[in-house]
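Remarks on the structure that follows.
Values reported hereafter were calculated over all heavy atoms of this structure, with side chains retained and with hydrogens, waters and symmetry mates removed.
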Amino acid sequence: MSTDSPRTGDGDEWSRAELLARIVTESQRHYADYSLFNQAMADHVGLHPTDMQCVALLDMEPGPVSTGDIARLTGLTSGSATRLVDRLVKAGIVERSADPHDRRRSLVSLAPAARERIGAAWDTPGRAFGAVLEGYSDAELAVIADYLHRAAEVGRTQAHRLTTGTPKPPPANRNEAGSTGGAVRGSRP
């Protein structure tokens, strides 16, 4: 299978149709390659890929979240999210603490030692992904960031539609400014 981006036109400029086709192809390739990378990273740190994805999502949150929040962030059922949190607590990856505003529920956050350990595992890949971005101007980075944000919104909306049968998008409860931590994320794509 080729990883090149073949062109059908004769000139130096890509047509809009070629660019759109390339974006679709490269997006599919990126998703497949990133899935392989996520599996390899999860194996490297001794986690299941779903657990690794939860760790990445927790790292993006500005503070501790409930198990219900984890269910919404991951698309898992509440029971599956509870089992995921139980596994992560047992592995020392996350910590549970009492919700100071509601004694009936607990909050989940990354354990500092796990944040450090997984962040260290991200060091080399983070630098590699960051090096890719170095070749882009600030204006190009703004376009890339905008596309990724919009594509993620479409993905969340379509996941909601596929799982519920309704077109209403899920409520946005994400920190738009990003994480206050970020040690685990590094320079991920």
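Here CZ of Arg83 is found 13.0 Å from CG of Leu88. Values are rounded to the nearest 0.5 Å. Interatomic distance, CG of Leu133 versus CD of Glu140, reported as 11.0 Å (0.5 Å rounding). Note that CG of Leu58 and CD of Gln53 are 10.5 Å apart. Values are rounded to the nearest 0.5 Å. Remark: Glu18 CD to Glu13 CD distance equals 10.5 Å, nearest 0.5 Å.
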For this session: Tell me, with the steps shown, if Arg127 and Asp123 meet salt bridge (charged side-chain N to carboxylate O under 4.0 Å, His left out).
Result: CA-CA 6 Å; Arg127 281 195 309 272; Asp123 189 44; 2.5 Å; yes
Exercise. So Asp51 and Ile93, side-chain contact (heavy atoms from CB on, under 4.5 Å) or not? Walk me through it.
Worked result: CA-CA 9 Å; Asp51 298 357; Ile93 302 296; over 6 Å; no
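Heavy atoms only, all atoms of each residue included: Thr67 and Ser78 are closest at CG2-O, 4.5 Å. Here the shortest heavy-atom pairing between Leu73 and Leu57 reads O-CD1, 3.5 Å. Heavy atoms only, all atoms of each residue included: Pro167 and Thr157 are closest at O-CG2, 4.1 Å. Considering all non-hydrogen atoms of both residues, Ala111 and Gly92 come closest at CB-O, 3.4 Å.
Under the 4.5 Å side-chain heavy-atom criterion for ILVMFWY residues, a single connected hydrophobic cluster contains both Ile118 and Tyr34. Linking Ile, Leu, Val, Met, Phe, Trp and Tyr residues whenever their side-chain heavy atoms come within less than 4.5 Å places Tyr136 and Tyr147 in a single cluster. Under the 4.5 Å side-chain heavy-atom criterion for ILVMFWY residues, a single connected hydrophobic cluster contains both Leu148 and Leu141. No single ILVMFWY cluster, assembled from side-chain heavy atoms under 4.5 Å apart, contains both Val89 and Leu107. Cluster membership for Tyr31 and Met52, using ILVMFWY side-chain heavy atoms within less than 4.5 angstrom, is not shared.
At a threshold of 4.5 Å between non-hydrogen side-chain atoms, the residues Glu61 and Ser109 do not count as touching.
Without hydrogens or angle criteria, Asp69 side chain to Ser66 main chain gives a donor-acceptor distance under 3.5 Å.
Arg22 and Thr25 share no side-chain donor-acceptor pair at under 3.5 Å.
In this structure, the side-chain hydrogen bond (donor to acceptor under 3.5 Å, both in side chains) partners of Arg150, at least two apart in sequence or on a different chain, are Asp146.
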Side chains of residues 36-48: which donor-acceptor pairs under 3.5 Å do they make with residues two or more places apart or in other chains?
| residue | atom | partner | partner atom | Å |
| --- | --- | --- | --- | --- |
| Gln39 | NE2 | Asp43 | OD1 | 2.8 |
| Gln39 | NE2 | Asp43 | OD2 | 3.4 |
| His48 | ND1 | Thr50 | N | 3.0 |
| His48 | ND1 | Thr50 | OG1 | 3.4 |

